[in-house]
Amino acid sequence: MKKIFVMFAMSALALTSCLQEENPVVDNNGENDAFEPSGELVEKVFTVGEIKSKTYIDGTVEEGSGDIVLKWCADDAISVWDGVANRKFTMVGEPDGASATFKGYVDAAATEFYAFYPYTETLAHKVASDKHVFSFPKSNIQYANPEGGLADGAAFACAKVEDNVIDFASNSCMLKFSLAEGMEVKSITIKGNETDDILAGTTNFTYDGTRFSPGFEQSVEKFTELTLCNQDGSNLKTGTDYYL
């Protein structure tokens with residue numbers, strides 16, 4: 001079976017999150033100086049309501065908006081940083097179009113929360129130059145959604161939680177493509193035009209009190225290629241839209 005290689009120039013990841021907040025004070029251990037961790041956990045429920053939050057692209061365009069509608073998937077989970085640790089929040093019930101509700105547990109004394117999609121066990125936090133820096137890996141192998149659309153867990157989004165509401169902003173550039181009938185293709189690989197066009201590796205999101213800025217961690221392995229394939233090794237579907 002053949003592979004298709006798509007060559008293109010990739011610019012820096014698009015930045016979007018514009019959150020009007022003062023820069024919180026955090027020490028080098030990642031704990032918010034405004035509270036002493038209690039060691040006890042309490043339940044929190046956060047709602048996501050932005051229509052362009054992430055994740056499944058349903059192929060329709062909202063009338064008059066010109067935007068593709070992105071929808072949540074039933075098995076989605078998010079990471080929430082509560083100033084102490086990375087907490088997993090899982091979906092409550094079924095997603096309602098572009099809206100979804102997530103439930104998890106945080107330190108009882110925590111007052112500030114940062115949310116990230118997709119959930120990852122390896123979310124890390126540090127403080128650099130008085131700014132929050134959140135890091136997690138972006139794999140150079142992405143597994144396709146069996147029905148087409150966005151690769152599972154491929155769209156990064158982040159937000160500072162306000163009044164238990166998460167207004168996620170996407171921090172991804174996407175390439176859309178489809179395969180013609182009769183094509184037998186197991187994987188699609190995209191490459192940067194230059195050696196410094198980094199497409200995968202540990203990704204940093206730096207929050208300066210106003211917005212998140214993405215970038216790749218320079219001290220760890222980086223990748224100049226990104227591959228989409230099915231997890232079971234079967235052919236990608238023809239006649240459907242994929243997003244990388």
Trainee: How would you list, by chain and number, every residue that makes a ring-ring contact (aromatic ring centres under 6.0 Å, His included) with F223, sequence neighbours excluded?
Mentor: none
Trainee: Could you check whether K176 makes a cation-pi contact with Y243, meaning its NZ or CZ is under 6.0 Å from the centre of the six-membered ring and within 45° of the ring axis?
Mentor: no
Trainee: Can you find a heavy atom in the side chain of T47 that is under 4.5 Å from one in the side chain of N164?
Mentor: no
Trainee: Kindly give the heavy-atom pair with the smallest separation between A180 and T238, and that separation in Å.
Mentor: O-CG2, 3.3 Å
Trainee: Say whether V185 and I190 are linked into one hydrophobic cluster, either directly or through other cluster members, by side-chain heavy-atom distances under 4.5 angstrom.
Mentor: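 V185 clusters together with I190.
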Trainee: By side chain to side chain donor-acceptor pair (under 3.5 Å), which residues pair with T101, not counting sequence neighbours?
Mentor: none
Trainee: Are F212 and Y207 close enough that their ring centres sit under 6.0 Å apart?
Mentor: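 That pair passes the under 6.0 Å test.
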Trainee: Between F102 and V48, is any pair of side-chain heavy atoms under 4.5 Å apart?
Mentor: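 SC-SC contact between F102 and V48 confirmed.
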Trainee: Can you list everything that forms a side chain to side chain contact (heavy atoms under 4.5 Å, CB included) with D163? Sequence neighbours excluded, please.
Mentor: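 Listed in chain order: nothing, the list is empty.
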Trainee: So does G39 get a backbone contact from the side chain of D107, meaning a donor-acceptor N/O pair under 3.5 Å?
Mentor: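 Flag set: sc D107 to bb G39 pair under 3.5 Å.
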Trainee: Do the two ring centres, one from Y242 and one from F177, sit under 6.0 Å apart?
Mentor: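 Ring centres of F177 and Y242 closer than 6.0 Å.
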Trainee: So, for F116 and F134, is the gap between ring centers shorter than 6.0 Å?
Mentor: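 When the ring centroids of F116 and F134 are compared, they turn out to be within the sub-6.0 Å range.
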Trainee: Should K103 and E43 count as side-chain neighbours, where that means a heavy-atom distance under 4.5 Å?
Mentor: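 Answer yes - side chains close enough.
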Trainee: Between V127 and V133, is any pair of side-chain heavy atoms under 4.5 Å apart?
Mentor: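 No, side chains not in contact.
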Trainee: Taking atom SG of C158 and atom CD1 of I166, what is their separation to the nearest 0.5 Å?
Mentor: 11.5 Å
Trainee: Not counting sequence neighbours, which residues clear ring-ring contact (aromatic ring centres under 6.0 Å, His included) with Y119? List them please.
Mentor: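 Per chain and number, Y119 pairs via ring-ring contact (aromatic ring centres under 6.0 Å, His included) with no residue.
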Trainee: Could you tell me which residues satisfy side chain to side chain contact (heavy atoms under 4.5 Å, CB included) with S178, sequence neighbours excluded, listed by chain and number?
Mentor: D241
Trainee: Can you tell me how far the CZ atom of F113 sits from the NZ atom of K160, to the nearest 0.5 Å?
Mentor: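 If we round to the nearest 0.5 Å, F113:CZ and K160:NZ are 9.5 Å apart.
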Trainee: Determine whether L226 and Q142 make a side-chain contact, defined as any pair of heavy atoms from C-beta on separated by less than 4.5 Å.
Mentor: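 Answer yes - side chains close enough.
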Trainee: Is there a path from V165 to I78 through hydrophobic residues (I, L, V, M, F, W, Y) whose side chains come within less than 4.5 Å of each other?
Mentor: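 As far as the 4.5 Å side-chain criterion goes, I78 and V165 are not connected within one cluster.
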Trainee: What residues, two or more places apart in sequence or in another chain, satisfy salt bridge (charged side-chain N to carboxylate O under 4.0 Å, His left out) together with K237?
Mentor: E147
Trainee: How many angstroms lie between OG1 in T206 and CG in D208, if you round to the nearest 0.5 Å?
Mentor: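 The distance works out to 8.5 Å.
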Trainee: Donor-acceptor pair, distance only, cut-off 3.5 Å: does the side chain of N140 make one with the backbone of A200?
Mentor: no
Trainee: Using a distance-only test with no angle check, is there a side-chain donor-acceptor pair under 3.5 angstrom linking T227 and T189?
Mentor: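 Their side chains do contain a donor-acceptor pair, which is all the 3.5 Å distance test asks for.
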Trainee: Who are the side chain to side chain donor-acceptor pair (under 3.5 Å) partners of E40, not counting sequence neighbours?
Mentor: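 Result, side chain to side chain donor-acceptor pair (under 3.5 Å) vs E40: none returned.
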Trainee: Taking only residues two or more places apart in sequence, or in another chain, which ones meet N230 in a side chain to side chain donor-acceptor pair (under 3.5 Å)?
Mentor: S234
Trainee: Is it true that V45 and Y117 fall in one hydrophobic cluster, defined by side-chain heavy atoms closer than 4.5 Å?
Mentor: no
Trainee: Looking at F136 versus F205, is the centre-to-centre ring distance below 6.0 Å?
Mentor: yes
Trainee: What pairs of donor and acceptor atoms, side-chain ones from residues 85-94 against any protein atom, are under 3.5 angstrom apart with sequence neighbours left out?
Mentor:
from: N86; atom 1: OD1; to: S79; atom 2: OG; distance (Å): 3.2
from: N86; atom 1: ND2; to: T120; atom 2: O; distance (Å): 2.9
from: R87; atom 1: NE; to: D82; atom 2: OD2; distance (Å): 2.9
from: R87; atom 1: NH2; to: D82; atom 2: OD2; distance (Å): 3.1

Trainee: Which ILVMFWY residues can you reach from Y105 by hopping between side chains whose heavy atoms are under 4.5 Å apart?
Mentor: L41
Trainee: Taking the side chain as every heavy atom from C-beta outward, state whether S135 and T203 have any pair of such atoms under 4.5 Å apart.
Mentor: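 The answer is no, as the side chains (C-beta and beyond) never meet within the 4.5 Å cut-off.
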